[in-house]
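Report on the following structure.
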Amino acid sequence: VSKHLVKNLVTPKQVAQAIGVSESSLKRWCDRGLLTTVRTAGGHRRLALDDVFQFLRQSGQHLVRPELLGLPSNTGQSATVIDRARDQIRDALMAGDVDQCRRIVFDLYLAKQSACEICDHLLATAFHDLGDCWARGEMSIYRERRACEIGFTLLHELRSAVPTPPATAPIAIGGSLESDPYRLPTAMVELVLREIGWQATSLGTRLPAATIADALRDIRPRLLWISVSSIESVSAFLDDYAHLQRVATENGAAVVVGGRELTAELRQQMTYSAYCDTLRHLVAFAASLTMTTEQPDRRDGSDQPNLRWVDHFPPKQEDC
Ligand code: B12
């Protein structure tokens, strides 16, 4: 991995060789606006890695030397359908084969699967399987922990591949409360919101409610997510959550909750803008928050005022 990959910038030569085209072809694509170049302080042309990934997804160009973009050299040779990749990634996670995992994830991503689908249908499912293996005593704990580290790395890498949200994009923050160490769900929420153009930042796990309240006041996001995969004391959780929900509402943020511990019984004691049991539901809800444009009423063609989708403020309770 070159020093530019660390900064998520690649040279035109790297990209041309990775795709197997001449530098002049690449330059033509840049001139036609298919790829954007930036200049380094020293005046050299560079391409942003997320831009290159979006170009590859849209153009369907194959990588002949994927390693030049930091991907395993055999990228492009595994399944491009999630169903087929599921068993492969579970086995690779169990074996601690990070390169194979990366290849599976990026092959799917380059074949236009969304990060959201990859998280919901590939990674989450693989981790559920790993949990079942662990529970049956068929897998030593170190394999599970190692798989988590790999999962976290992959989410981070996918985060670099999705387009960087514009500075004007709505802001979302979130994480898990004090008794909850589960890192993958909140990292997935961040990734998926970024994929649909939100400036999303996961604050991490095991957060005291007071510090999330500080973040709400300091950052004033449009959306707060709380991921709930583990609860030590139900009453402490409900108190913390109620406090946060109040602060969020006072600061104009919708609250989205999700996670395996949120039983129907628990949810009945909580107020939230949306409960989502998959990331796909989150995408639909987040999109509804930003849907403010005039929608033409095509039903009768009359000159009645257009239907207008407005922000859900004050946030209303909704099960997505
Ligand atoms: C990895 C793991 C751990 C790791 C986590 C490491 C880390 N830093 O993240 C560690 C080592 C901490 C751990 C510990 C324990 N674990 Co554990 N763990 C798992 C495992 C294998 C994967 C968890 C995971 O990340 N899944 C992937 C996520 C992404 O999937 P998900 O939670 O379903 O999330 C999806 C949706 O729910 C939704 N979603 C989730 N959150 C949110 C939030 C929002 C806002 C939205 C919109 C959507 C959303 O989107 C996601 C994508 O679809 C699970 C198995 C499983 N079924 O998940 C067991 C599992 C959860 N663990 C289990 C157990 C028993 C434990 C321990 C009690 C073990 C022990 N004896 O010490 C401890 C408890 C720790 C605690 N304080 O709670 C059991 C729980 C059983 C039960 N009925 O409660 C499971 C189910 C394993 C099993 N099959 O038995 N664990």
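Start at 1 and go down the list; that is how both ligands and their atoms are numbered.
Considering only non-hydrogen protein atoms, atom 38 (C) of ligand 1 sits nearest to Asp277 O, 3.7 Å. Here the heavy atom of the protein found nearest to atom 76 (C) of ligand 1 is Ser230 OG, 3.4 Å. Protein heavy atom at the shortest distance from atom 27 (C) of ligand 1 is Phe127 CB, 3.8 Å. Looking from atom 81 (C) of ligand 1 to the surrounding protein, the closest heavy atom is Arg260 NH2, 3.9 Å. Taking atom 11 (C) of ligand 1 as the reference point, the nearest protein heavy-atom neighbour is Arg145 NE, 3.0 Å. Of the protein's heavy atoms, His128 CD2, 3.3 Å lies nearest to atom 58 (O) of ligand 1.
Between the side chains of Gln245 and Thr249, at least one donor N or O sits under 3.5 Å from an acceptor N or O. Side-chain contact, Thr186 with Ser202: a donor N or O sits under 3.5 Å from an acceptor N or O.
When the options Arg222, Arg220, Arg217 are evaluated for a side chain to side chain donor-acceptor pair (under 3.5 Å) with Asn251, the one that passes is Arg220.
Taking every non-hydrogen atom of Asp120 and a distance limit under 4.0 Å, the qualifying atoms of ligand 1 come out as 52 (C), 53 (O). Below 4.0 Å from some heavy atom of Leu282 lie the following atoms of ligand 1, by number and element: 47 (C). Near Leu184, the atoms of ligand 1 lying under 4.0 angstrom from a non-hydrogen atom of the residue are 25 (O). The distance from ligand 1 to the heavy atoms of Cys276 drops below 4.0 Å at these ligand atoms: 47 (C), 48 (C). For ligand 1 and Cys148, the ligand atoms under 4.0 Å from any heavy atom of the residue are 1 (C), 6 (C). Each of the following atoms of ligand 1 lies closer than 4.0 Å to a heavy atom of Ala124: 30 (O), 52 (C), 53 (O). Residue contact check: Ser227 has heavy atoms under 4.0 Å from atoms 41 (N), 42 (C), 43 (C) of ligand 1.
Within a 4.0 Å radius of atom 55 (C) of ligand 1, the protein contributes one or more non-hydrogen atoms. Less than 4.0 angstrom separates atom 79 (C) of ligand 1 from none of the non-hydrogen atoms of the protein. Atom 72 (O) of ligand 1 is never approached by the protein to below 4.0 angstrom, counting heavy atoms only.
The shortest heavy-atom contact between Ile173 and Pro221 is CG1-CG, 3.6 Å.
Note on Tyr182: counted as a metal contact of atom 17 (Co) of ligand 1, an N/O/S atom lying under 2.8 Å.
Counting heavy-atom neighbours within 6.0 Å of His156 NE2, excluding the residue itself, gives a total of 12 or less.
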